[in-house]
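The shown structure was predicted, so the numbers you read here are calculated from the model rather than taken from an experiment.
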Number of protein chains: 2
Amino acid sequence: MTATEEILDEVPWSGVSPDAARRLMVAAVEAFAERGYHATTTRDIAGRAGMSPAALYIHYKTKEELLHKISTIGHAKAVAILQSAADAEGTPAERLEQAVRHFVVWHAGHHTTARVVQYELDALDAEHRAEVVQLRRQCDAAVRRILTDGVKAGDFEVPDIPGATLAVLSLCIDVARWFNVAGRRTPDEVGASYADLVLRMVGARPRS
Amino acid sequence: MTATEEILDEVPWSGVSPDAARRLMVAAVEAFAERGYHATTTRDIAGRAGMSPAALYIHYKTKEELLHKISTIGHAKAVAILQSAADAEGTPAERLEQAVRHFVVWHAGHHTTARVVQYELDALDAEHRAEVVQLRRQCDAAVRRILTDGVKAGDFEVPDIPGATLAVLSLCIDVARWFNVAGRRTPDEVGASYADLVLRMVGARPRS
DNA sequence: CCGACCGGTGAGCAAGCGCTTAGTGCGCGG
DNA sequence: CCGCGCACTAAGCGCTTGCTCACCGGTCGG
């Protein structure tokens, strides 16, 4: 099994139990991704899960708690993907290639989840948002570490490492916005293409 | 006056009249950018404009019409920036540099407007959304034209022109999401930096 | 000097929202 | 075969929402 298949096979909330709570979470992810958090009603979520509106409140205190749980699970996965690439063996170019490819494959393959995770952050209340922002900083740190290593080794040519880190993450994250299952590109293709684009952005010397 | 200053000086809705309608539009842009379309109430918009809730409906039929007008004006500006760069004299690299720089300067300098324009599209009703999607296609066409010219001239090395077009626009658009006035970067700096990154992405030969 | 006009207001309607509560059906230990 | 616990529902509460409407005050042509 390839790393790509691993990323796509795993349903992010497979660890959520009981079954009814998971069904509600899946329904919420779909609804939030389609219409946005504020435009989604608790009745809509419960309806998609085949339950009455009140059932939601047996498993979650509020609608916002649902979003918070989704966001936390999603961000944890993002951090795991990027840190795993940053910690991997190999040249900085290989690690950056892996980071971007896996990160993009995840955003494309799970674009409904990713859309919620990346674009509904403002709907969280202050405390929960602060929690999630911490996880995002870890994403930033992982990418920055790879770039720094590459510059130190003389493999990358990057005048502004924080700026380049931001641009790389921004490029990958925005995949969740435009990726469309009906489109011609598979997650794998986008991942490979984006890895190539990013290596060029950081001025990686072609492998000899 | 530099092109950058021109882009930033012009308030996008300076052509909106009468004065009260413009004040309402400015208020709506701020509110939509801060909290999102669905989380913004008509009372909030009217309040920011210093008017009663009912005043909104003298100048706009619905809250959605306000969003539609904002979106149309914003997209028209985006199309103008990109087409102007595509039509400009100069090498493909120079035209691409100008397109990205001006587009990014606009997204950073008017990041509240840009956020609404780029991220609240789904809140439009079907007919209005279709209208705006047409304008977005023109953005795509302008960038694609520059890339095609560059490849034909042998100046760029791009294996997948539609894919690269998408990536370039995606990178620029996402600036509206993360750009923060309190941050250290000015719109000009981000624009210059992003133009450089994009030229690398398309494998532009360094100018001789 | 007047009355038509028009941008703006105060009050409020119908609908829909997040969430609660009293009650129901069902599985399971004794 | 009973009765308890619990996941779940029907009904609905209090509130906010987008939007409306009767009314008001300043301006201006005649």
Without hydrogens or angle criteria, can the side chains of B:E131 and B:H68 be said to hold a donor-acceptor pair below 3.5 Å?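 Present: a donor and an acceptor within the cut-off.
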
Strand-adjacent residues in residues 50-57 of chain B, judged by heavy atoms under 4.0 Å from DNA chain C: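 Close to the strand are B:M51, B:S52, B:A54, B:A55.
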
Within residues 121-131 of chain B, residues whose heavy atoms come under 4.0 Å of DNA chain C: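 Close to the strand, none.
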
How are the rings of A:W178 and A:Y194 set to each other: parallel, tilted or perpendicular (split at 30° and 60°)?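 Tilted.
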
Is the ring pair A:H110/A:W106 parallel, tilted or perpendicular, if the boundaries are 30 and 60 degrees?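 Judged by the thresholds at 30° and 60°, the geometry between A:H110 and A:W106 is tilted.
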
Side-chain N or O of A:H59 less than 4.0 angstrom from OP1 or OP2 on D:dC8?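 Yes, A:H59 has a side-chain N/O under 4.0 Å of OP1/OP2 on D:dC8.
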
Can you name the one residue among A:D188, A:V190, A:I173 that meets side-chain contact (heavy atoms from CB on, under 4.5 Å) with A:V104?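 Testing each of A:D188, A:V190, A:I173 against A:V104, the sole residue satisfying side-chain contact (heavy atoms from CB on, under 4.5 Å) is A:V190.
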
Is any NZ, NE, NH1 or NH2 atom of the basic residue among [X] and [Y] found under 4.0 Å from an Asp or Glu carboxylate oxygen of the other?
{"X": "B:D87", "Y": "B:R95", "result": "no"}
{"X": "A:R48", "Y": "A:D44", "result": "yes"}
{"X": "A:R23", "Y": "A:D19", "result": "yes"}
{"X": "B:R185", "Y": "B:E189", "result": "no"}
{"X": "B:D125", "Y": "B:R129", "result": "no"}

Separation of [N] [atom2] from [X] [atom1] (nearest whole Å):
{"X": "B:Y60", "N": "D:dC19", "atom1": "OH", "atom2": "P", "answer": "14 Å"}
{"X": "B:K63", "N": "D:dT16", "atom1": "NZ", "atom2": "P", "answer": "16 Å"}
{"X": "A:L24", "N": "D:dA7", "atom1": "CG", "atom2": "P", "answer": "13 Å"}
{"X": "B:R43", "N": "D:dT20", "atom1": "CZ", "atom2": "C1'", "answer": "12 Å"}

Determine whether A:Q118 and A:H107 satisfy the following criterion, side-chain hydrogen bond (donor to acceptor under 3.5 Å, both in side chains), listing intermediate values before the conclusion. CA-CA 10 Å; A:Q118 301 293 357; A:H107 276 77; 3.0 Å; yes

Under the criterion side chain to side chain donor-acceptor pair (under 3.5 Å), which of A:Q138, A:R136, A:R144 is the partner of A:D140?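 Among the candidates, only A:R144 passes.
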
Nucleotide interval of DNA chain C bounded by contacts with chain B (heavy-atom cut-off, under 4.0 Å):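 The footprint of chain B covers C:dG8 to C:dG12.
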
